[in-house]
Amino acid sequence: MGIQIIGQIERINGKELSYGDFAERYLAKNQPVVISDLTEDWRAREDWVSENGNPNLHLFATHFGKSRVQVADCHTREFTDQKRLEMSVTEFVEQWTNKDSIEESVLYLKDWHFVKEYPDYTAYQTPPLFSDDWLNVYLDNYQMHEDRDSFQKYDQISCSDYRFVYMGGKGSWTPLHADVFRSYSWSANVCGKKRWIFLPPPQSHLVYDRYMKNCVYDIFEEVNETKFPGFKKTTWLECIQEPGEIIFVPSGWHHQVYNLEDTISINHNWLNAYNLSWVWDLLWKDYKDTEESIEDIRDICDDFEAICQRNLAANTGMNLNDFFLFMSRFSLGNMVLLQSYSDKHKNLNSCSSALAQNLLLNLSTIRKIMMMMISAGGVTAEEVYLDLRETLEDPQFLRFVRDMGRTYAMIHMEEEDQFLSSKELLQKLSGLAGPNMQICSPKDLVEMINHHNTFFSQIYFI
């Protein structure tokens with residue numbers, strides 16, 4: 001059964017694309033695009049590539065060889081993914097360059113947390129177009145799942161961020177999937193070529209079985225029409241990604257990817273105000289699926305909800321309580337930046353800047369998602385809350401806000417502001433969180449954002 005390809009992914013020169021245009025044309029509209037001319041000054045484009053344009057495998061074996069990595073055997077399926085092997089980078093390079101081994105299997109190093117392992121080796125800089133990254137700036141300062149004592153599925157590195165290096169020989173590939181959390185992703189080819197096949201989100205249901213549980217594994221193998229009756233109706237887009245090009249993968253676009261040459265790529269997953277609703281929709285769906293899967297033990301459990309949340313964190317990467325804390329900290333961080341910004345900039349032109357409007361968009365979007373969470377009956381754990389006073393005096397939170405401020409100043413090409421002291425922030429924000437100075441529920445967070453926006457609407461004309 002062949003697939004029907006009806007078009008190509010748009011291509012654009014990144015040097016001719018402002019952040020505002022990128023946000024309007026691709027983030028907000030959730031459309032893929034291939035972007036050129038953003039990677040020329042990367043160290044990785046120099047160090048990681050041999051003179052013949054192939055991966056510099058000797059460098060990886062000698063400089064990073066002891067790292068333990070996950071490697072997919074592209075010829076072996078295991079459940080819904082390719083079989084994963086753990087080995088050192090040196091062992092991976094040895095098997096890659098061993099011709100006899102390659103004949104038996106095609107190996108693909110995936111999800112290597114290179115930035116976290118080698119923070120002093122600056123292989124690349126994230127382009128400003130992709131820098132409004134709530135996920136990784138949060139994980140640089142906090143763990144996504146707070147209850148580490150009862151959730152130890154992954155080690156510290158593998159839980160730490162969503163910045164990855166991929167390395168694979170010609171013929172290595174990734175099965176059909178949509179990205180984690182239904183996040184955005186960007187993928188830059190350091191060297192080599194990839195073929196991408198995309199399915200628009202309105203057709204996603206066509207690649208699942210009638211129960212919406214199992215997805216087609218390989219769109220180029222014979223797909224069982226009885227199990228996947230809608231697959232024959234699908235229409236696809238494709239592109240060939242050249243060395244140095246970056247592809248933007250929007251939320252919910254299922255895709256299958258092939259390495260047409262020996263390839264190294266750098267990949268980030270990220271989320272922000274433009275795709276937050278995709279993240280919430282998936283999280284709530286996964287929660288209801290988790291609840292249904294263990295419904296038969298509800299009556300014999302002391303704390304059925306706690307088991308649901310633990311299983312959700314294990315399967316999805318965060319649970320409802322984690323998401324609520326994430327949104328609470330991010331909201332408070334945006335308020336801190338806006339308070340500090342308004343304290344420095346008094347004239348209306350400054351107050352209506354792109355940076356200020358970005359922060360207000362963030363708060364408005366979080367408010368909408370918290371309203372959805374309230375309607376769904378989200379957070380129930382009594383111990384999940386954010387204490388305003390403790391948070392504003394916490395050096396960890398202040399580092400988080402400083403990282404946020406630096407990022408938004410860079411994106412919008414504005415001067416980075418010094419934010420107010422903890423004492424000044426407490427004075428300005430203390431009236432927003434109620435008498436107990438705590439954010440204990442999505443309702444509390446909505447009310448805090450409402451109070452905040454009532455004040456700022458007089459300045460920013462929300």
Side-chain angles (χ1 to χ4, degrees), residues 8-50 53-56 112 114-115 118-119 121-137 140 161-167 179 183-196 198 237-251 253 255 257 259-272 274-275 354-355 358 403 406-414:
Q8 299 289 314
I9 301 300
E10 181 183 356
R11 313 184 83 90
I12 194 166
N13 186 319
K15 292 180 179 178
E16 300 172 357
L17 187 63
S18 70
Y19 179 78
D21 287 342
F22 176 68
E24 180 181 351
R25 293 165 59 180
Y26 304 107
L27 296 180
K29 294 181 179 178
N30 206 46
Q31 292 297 307
V33 64
V34 179
I35 307 174
S36 63
D37 296 309
L38 293 181
T39 65
E40 284 75 8
D41 59 350
W42 286 5
R43 181 180 180 183
R45 295 289 312 279
E46 185 74 23
D47 291 2
W48 295 6
V49 185
S50 301
N54 291 328
N56 186 349
W112 183 9
F114 184 90
V115 171
Y118 300 98
Y121 183 100
T122 307
Y124 63 97
Q125 295 285 349
T126 300
L129 298 180
F130 314 124
S131 291
D132 187 7
D133 177 352
W134 298 10
L135 184 59
N136 287 299
V137 73
D140 284 343
D161 69 348
Y162 286 86
R163 307 178 183 100
F164 307 112
V165 168
Y166 280 49
M167 298 174 60
D179 283 330
S183 60
Y184 294 141
S185 68
W186 63 266
S187 178
N189 276 1
V190 175
C191 61
K193 293 183 180 181
K194 292 178 183 282
R195 183 190 185 198
W196 294 73
F198 283 97
L237 303 178
E238 74 168 343
C239 72
I240 303 299
Q241 182 189 15
E242 302 288 341
E245 291 184 333
I246 302 177
I247 189 162
F248 166 63
V249 181
S251 293
W253 283 70
H255 49 284
V257 190
N259 289 326
L260 303 177
E261 301 173 348
D262 292 355
T263 302
I264 301 175
S265 64
I266 292 167
N267 308 273
H268 285 206
N269 293 97
W270 96 101
L271 59 92
N272 58 35
Y274 289 101
N275 68 337
L355 187 154
N358 199 153
D403 289 347
R406 187 179 302 115
T407 296
Y408 285 116
M410 181 269 295
I411 289 172
H412 297 291
M413 294 183 289
E414 295 191 24

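A quick note: this is a predicted structure, and the numbers were derived from the prediction, not measured.
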* Could I get the full list of side-chain contact (heavy atoms from CB on, under 4.5 Å) partners for Pro243, not counting sequence neighbours? => Lys193
* Structure fact -> Closest non-hydrogen atoms of Val49 and Cys191, given as atom of the first, atom of the second and distance, are CG2-CB, 3.8 Å
* To do: Go through the side-chain N and O atoms of Asp262 and Asn54 and say whether any donor and acceptor fall under 3.5 Å apart.
  => no
* Min side-chain heavy-atom separation Asp47-Asn56 under 4.5 Å -> no
* Does atom CD of Glu242 have more than 12 heavy-atom neighbours from other groups under 6.0 Å away? -> yes
* Flag if over 12 foreign heavy atoms under 6.0 Å of CD, Gln31 -> yes
* Asked: Roughly how far apart are His268 NE2 and Asn136 CG, rounded to 0.5 Å?
  -> 6.5 Å
* **Rounded distance [0.5 Å steps], CD1 in Ile35 versus CD1 in Ile9** => 12.0 Å
* Can you name the one residue among Trp48, Phe164, Tyr124, Tyr166 that meets ring pair (Phe, Tyr, Trp, His ring centres under 6.0 Å) with Phe114? -> Trp48
Pairs of donor and acceptor atoms involving the side chains of residues 16-23, under 3.5 Å and at least two apart or interchain, shall be tabulated with distances.
{"unit_1": "Ser18", "atom_1": "OG", "unit_2": "Asp21", "atom_2": "N", "d": "3.1"}
{"unit_1": "Ser18", "atom_1": "OG", "unit_2": "Asp21", "atom_2": "OD2", "d": "3.3"}

* Structure fact -> Shortest non-hydrogen pair, Asn30 vs Pro250, comes out as OD1-CB, 3.1 Å
* What is the minimum heavy-atom distance between His412 and Leu355, and which atoms define it? -> CD2-CA, 3.6 Å
* Asked: Does Asp37 reach the main-chain N or O of Ile12 with its side chain, forming a donor-acceptor pair under 3.5 Å?
  -> no
* Check the surroundings of atom CD in Glu24: do more than 12 heavy atoms from other residues, nucleotides or ligands lie under 6.0 Å from it? => no
* To do: Can you sort out the partners of Glu261 under side chain to side chain donor-acceptor pair (under 3.5 Å), two or more places apart, ordered by chain and number?
  => none
* If you measure from the Lys or Arg side-chain nitrogens to the Asp or Glu carboxylate oxygens, is any gap between Arg195 and Glu238 under 4.0 Å? -> yes
* **Phe248: which of Trp196, Trp253, Trp270, Phe198 passes ring pair (Phe, Tyr, Trp, His ring centres under 6.0 Å)** => Trp270
* To do: Quickly, which of Tyr184, Trp186, Tyr274 forms a ring pair (Phe, Tyr, Trp, His ring centres under 6.0 Å) with Phe130? Name it, please.
  => Trp186
* Asked: Please walk me through it: do Asp140 and Arg163 pass side-chain contact (heavy atoms from CB on, under 4.5 Å)?
  -> CA-CA 11 Å; Asp140 284 343; Arg163 307 178 183 100; 2.8 Å; yes
* Asked: Is a salt bridge present between Glu10 and Arg25, judged by a nitrogen-to-oxygen distance below 4.0 Å?
  -> yes
* Rounded distance (nearest 0.5 Å) linking atom CG of Leu260 with atom NZ of Lys194 -> 9.5 Å
* With the side chain counted from C-beta on, respond yes when Leu129 and Leu38 share a heavy-atom pair under 4.5 Å apart, and no when they do not. => yes
* Contact summary for Cys239 and Gln8, nearest pair of heavy atoms -> CA-OE1, 3.9 Å
* Search all heavy atoms of Asn275 against all heavy atoms of Leu271 and return the closest pair with its distance. => OD1-CA, 3.3 Å
* Polar side chain donor-acceptor pair, Ser187 to Asn267, under 3.5 angstrom -> yes
* Asked: Quick one: which of Val190, Thr39, Ile246 gives a side-chain contact (heavy atoms from CB on, under 4.5 Å) with Ile266?
  -> Val190
* Asked: Is there a donor-acceptor pair under 3.5 Å between the side chain of Asp132 and the backbone N or O of Asn272?
  -> no
* Does Met410 CE have over 12 foreign heavy atoms under 6.0 Å away? -> yes
* Under 4.5 Å between any side-chain heavy atoms of Thr122 and Arg43, yes or no? -> no
* For the residue pair Val34 and Arg11, establish whether any side-chain heavy-atom pair is separated by less than 4.5 Å. => yes
* Aromatic ring proximity Tyr162/Trp134, centre distance under 6.0 Å -> no
* Asked: After noting the C-alpha distance and the side-chain angles of Thr126 and Asp133, does the key distance pass the side-chain contact (heavy atoms from CB on, under 4.5 Å) rule?
  -> CA-CA 10 Å; Thr126 300; Asp133 177 352; over 6 Å; no
* Structure fact -> Nearest heavy-atom approach of Ser131 to Ile411 is C-CD1, 3.7 Å
